[in-house]
S.K.: 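Starting off with a structure, shown below.
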Protein chains: 2
Amino acid sequence: MPATLHDVAALANVSIKTVSNVVHDYKHVRPDTRERVLAAIKELGYRPNITARGLRSGRTGVIGLALPELSLSYFAELADSVIRAAEKRSLVVLIEQTGGGDREREIAMLSSPRLQLTDGLIFSPLGMGMADRDLLDVPYPLVLLGERIFGGPADHVTMRNVDAARAATRHLLERGRRRIAVIGGHEDEDMGSATLRLRGYREALAEAGVPFDQELILPAREWHRHDGARAMRDLLAAGIPFDGVFGLNDTLALGALRALQEAGVRIPDDVAVVGFDDLDETQYSLPTLTTVDPGREEIAATAVRVLAELIEGGRRAPGDDGDRPREYLADFRLIERESTAP
Amino acid sequence: MPATLHDVAALANVSIKTVSNVVHDYKHVRPDTRERVLAAIKELGYRPNITARGLRSGRTGVIGLALPELSLSYFAELADSVIRAAEKRSLVVLIEQTGGGDREREIAMLSSPRLQLTDGLIFSPLGMGMADRDLLDVPYPLVLLGERIFGGPADHVTMRNVDAARAATRHLLERGRRRIAVIGGHEDEDMGSATLRLRGYREALAEAGVPFDQELILPAREWHRHDGARAMRDLLAAGIPFDGVFGLNDTLALGALRALQEAGVRIPDDVAVVGFDDLDETQYSLPTLTTVDPGREEIAATAVRVLAELIEGGRRAPGDDGDRPREYLADFRLIERESTAP
DNA sequence: CACAGAACTTACAACGTTGCACTCGCGGCT
DNA sequence: AGCCGCGAGTGCAACGTTGTAAGTTCTGTG
């Protein structure tokens with residue numbers, strides 16, 4: 001049975017409120033009183049009851065993080081970054097998994113009672129799309145991540161997908177590659193990482209005057225390693241010539257790497273490969289993978305900061321008239337490694 | 001401003017307590033009253049305030065999960081499993097990172113005020129050791145994971161390290177390997193994964209009458225990919241002959257794989273490799289990695305179940321006399337893949 | 001030495017929920 | 001008729017905290 005303010009107050013012979021004042025570093029407490037209270041706190045091992053405080057103040061110090069699955073490395077690393085960023089503001093993170101792109105579950109998540117003890121939510125959907133935009137107009141602080149929804153009613157932190165993909169493609173072009181396959185296309189997608197990154201790819205080709213060839217765009221519904229491997233095997237089997245590969249994320253690129261090696265293709269001599277995300281793992285693959293760091297740390301830090309500001313009420317809530325929801329773009333960085341060495 | 005029991009009660013013309021009774025499916029409510037209350041709840045969009053409920057009942061429905069880092073794949077996958085298991089019992093998971101084996105932070109975690117709004121903790125230390133055993137005698141429900149502390153005052157869910165490592169080694173021996181290197185030894189460790197798995201390794205050797213050679217035991221303080229690669233490069237450079245490798249975890253084995261391939265060693269022809277953990281990734285490496293599934297799903301499910309039971313008070317708290325803290329061992333499974341193909 | 005004003009301290013009421021003890025009315029049993 | 005038991009519903013207190021307003025004690029000044 002943990003000690004309460006009452007217990008401390010009784011022991012220190014002061015009122016319960018004075019103890020509260022000491023705990024909160026209120027100025028007007030006489031030094032000797034403060035001493036006495038602190039001693040009592042120490043003796044009883046008193047720790048404030050956060051639940052009660054939460055009830056009283058309407059804050060819990062907990063933020064939610066809803067993402068598809070922790071077993072996808074990108075999201076595990078994102079969660080790691082978010083937790084670290086939250087810790088710096090002494091917020092704690094409650095993680096909800098929505099499954100790999102399950103639109104229904106994502107929508108359900110937004111009104112889950114489980115969010116009740118959360119002050120706000122960082123939300124990274126994969127299944128919802130532009131058409132679901134209005135569902136983001138929720139009665140609590142919300143920060144949106146990802147590439148599925150733009151211009152929605154919530155603040156949005158995301159990466160420079162088009163620019164980063166253009167840089168990745170340009171890098172392959174600079175290495176003299178002209179037939180660059182892309183793995184991970186989503187054909188029926190109205191908006192998302194695939195669409196944006198593909199746009200960057202096409203822009204880079206256009207800049208360089210290299211013709212676009214639809215045959216080189218390999219679809220992959222899921223972005224897991226075996227999807228990358230399968231797509232690459234298909235391409236090899238089809239006998240379509242190519243000398244570069246742009247995996248729309250690292251996992252796909254690593255899968256492709258494997259399929260290429262199985263087939264005896266030399267990397268980067270015969271085919272150069274670029275990925276996207278800068279997963280930890282890309283530093284250790286064989287060969288190490290050239291990739292784009294989309295600014296994961298910055299995204300996490302920004303998302304937590306913006307959410308904290310919304311919670312503090314420093315800015316008007318998006319619903320109010322006045323300022324529109326904002327969009328934040330993290331800086332990216334091309335990381336050259338062995339898979340595209342000259 | 002969300003609706004409260006008061007609002008619903010006023011609208012339905014009943015007492016606040018009757019609304020509470022309806023919400024809790026209390027038997028003795030007349031059907032028509034129940035209807036009226038449910039209608040009011042729906043109209044106002046009432047959702048119980050979990051914080052208030054938590055204050056009153058002492059439960060929050062949140063469990064803590066403290067682990068080293070989510071960016072370590074094993075822990076990301078463990079967290080995934082724990083969250084899924086918790087969801088089935090409608091518990092929500094708050095994740096705390098203690099850093100990769102930081103003993104001080106782990107100890108601090110155990111008395112963190114951030115745990116206040118948690119009903120109990122699943123704790124996976126990496127830095128604490130047998131000597132810190134007594135620190136696990138905490139005034140809240142605690143379930144211990146991992147291999148650092150045995151026989152402590154808390155219920156413990158873990159894997160059959162020795163048996164599984166023996167099986168992995170035996171598998172290499174059955175493939176005709178006689179000089180099996182081990183990567184990941186911790187020389188000064190009193191207790192932990194390294195110690196236990198090495199014990200299994202020695203037992204298998206002894207069974208097969210194969211002599212133990214200290215030269216084949218490669219230390220690796222951290223269990224990251226580059227540690228595995230470095231250890232393997234050292235072994236190759238030393239010119240010590242070997243025909244099998246047992247990575248004490250998958251990450252080390254994958255790093256070793258890479259170093260072997262760099263050196264032009266053929267796998268499994270020249271050297272067969274086994275890992276430990278069954279990370280998702282081992283299905284997609286080149287070659288795919290033979291490994292041991294230590295029963296991660298079962299560990300997560302058991303940990304959540306045991307913690308839930310402790311919270312419910314179904315069993316006496318470990319502190320009380322009567323039953324001693326229990327130890328649960330998950331079943332393991334050897335998964336044969338390409339890296340040890342005959 | 002009275003008194004304003006600051007410094008310090010306190011009582012009380014919430015926050016939204018639930019456990020407990022209670023009331024009320026009805027039907028059945030003795 | 002009197003009593004019991006039970007179903008249905010209620011009122012109050014409490015969980016531990018904090019904001020507000022008000023109370024008390026100091027300090028320095030005229």
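First the proteins, then the strands, lettered A, B, ... as listed; each starts at 1.
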S.K.: When we call it a touch if two heavy atoms are under 4.0 Å apart, what does A:H24 touch: a base, just sugar-phosphate, or nothing?
M.R.: sugar-phosphate
S.K.: So, using salt bridge (Lys or Arg N to Asp or Glu O under 4.0 Å) as the criterion, who are the partners of A:E96 when residues are at least two apart?
M.R.: A:R114
S.K.: Using a 4.0 Å cut-off to any heavy atom of chain B, which nucleotides of DNA chain C are the first and last in contact, reading 5' to 3'?
M.R.: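 First and last nucleotides in contact are C:dG16 to C:dC20.
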S.K.: Which is true for B:S57 with a 4.0 Å heavy-atom rule: it touches a base, it touches only sugar-phosphate, or it touches nothing?
M.R.: nothing
S.K.: Sequence neighbours excluded, which residues qualify as side-chain contact (heavy atoms from CB on, under 4.5 Å) partners of A:S111?
M.R.: none
S.K.: So, using salt bridge (Lys or Arg N to Asp or Glu O under 4.0 Å) as the criterion, who are the partners of A:R59 when residues are at least two apart?
M.R.: A:E312
S.K.: Would you tabulate the side-chain donor-acceptor contacts of residues 72-79 of chain A under 3.5 Å, counting partners in other chains and residues two or more places apart, or write 'none'?
M.R.:
from, atom 1, to, atom 2, distance (Å)
A:E77, OE1, A:R296, NH1, 2.9
A:E77, OE2, A:D280, N, 3.1

S.K.: When every nucleotide of nucleotides 7-14 of chain D is labelled 5' to 3' by its protein contacts under 4.0 Å (heavy atoms), B for base, S for sugar-phosphate only, - for none, what sequence of letters results?
M.R.: SSSBB-BB
S.K.: Residues in side-chain contact (heavy atoms from CB on, under 4.5 Å) with B:H24, at least two apart?
M.R.: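 Here the qualifying residues are B:S20, B:R53.
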S.K.: Applying salt bridge (Lys or Arg N to Asp or Glu O under 4.0 Å) as the test, list every pair that has at least one member in residues 39-50 of chain A; sequence neighbours left out.
M.R.: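 Not a single pair qualifies under salt bridge (Lys or Arg N to Asp or Glu O under 4.0 Å).
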S.K.: Under 6.0 Å between the ring centres of A:H156 and A:F150?
M.R.: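 So the answer is yes for these two rings.
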S.K.: With sequence neighbours excluded, tell me which residues meet side-chain contact (heavy atoms from CB on, under 4.5 Å) with B:R34.
M.R.: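 Only B:V22, B:D25, B:V29, B:L38 meet the side-chain contact (heavy atoms from CB on, under 4.5 Å) criterion with B:R34.
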S.K.: Enumerate donor-acceptor pairs with a distance under 3.5 Å from any side-chain N or O in residues 125-135 of chain A to protein atoms, sequence neighbours excluded.
M.R.:
from, atom 1, to, atom 2, distance (Å)
A:D132, OD1, A:R103, NE, 3.3
A:D132, OD1, A:R103, NH2, 2.9
A:D132, OD2, A:R103, NE, 2.9
A:D132, OD2, A:G129, N, 3.0
A:R133, NH1, A:G151, O, 3.2

S.K.: If an axis is fit to five pairs at each end of the helix from C:dC1-D:dG30 to C:dT30-D:dA1, what is the angle between the two, to the nearest 10°?
M.R.: 70°
S.K.: Tell me whether the side-chain N/O atoms of A:S20 come closer than 4.0 Å to OP1 or OP2 in D:dT18.
M.R.: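 A:S20 to D:dT18 OP1/OP2: side-chain N or O found under 4.0 Å.
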S.K.: Run the side-chain contact (heavy atoms from CB on, under 4.5 Å) test against B:N13 and tell me which residues pass, sequence neighbours left out.
M.R.: B:R36
